[in-house]
Amino acid sequence: MGRVKVQLKRIENSTNRQVTFSKRRNGLVKKAYELSVLCDVDVACIMFSPSGRVSLFAGTRR
């Protein structure tokens, strides 16, 4: 059985939106780290949370 395609739309509940952001941010940072290690490249991610906070990731290996 295949996965159900999720319709992308704004999450109206602010608490649920923040929780979803945190989970997806962690997944994105993990993928960026893997890319930097496997391909030996410099990766940088700048993310702004729904509450306005900034999250930074720099996967430099040098």
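V54 meets the side-chain contact (heavy atoms from CB on, under 4.5 Å) test with I46, F48, L56; sequence neighbours excluded.
Listed by chain and number, the hydrophobic cluster partners of L38 come to none, as no ILVMFWY side chain reaches under 4.5 Å of it.
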Review item, side-chain donor-acceptor pairs of residues 16-30, under 3.5 Å, at least two apart:
from: R17; atom 1: NH1; to: I11; atom 2: O; distance (Å): 2.3
from: T20; atom 1: OG1; to: N16; atom 2: O; distance (Å): 2.9
from: S22; atom 1: OG; to: Q18; atom 2: O; distance (Å): 3.1
from: N26; atom 1: ND2; to: S22; atom 2: O; distance (Å): 3.3

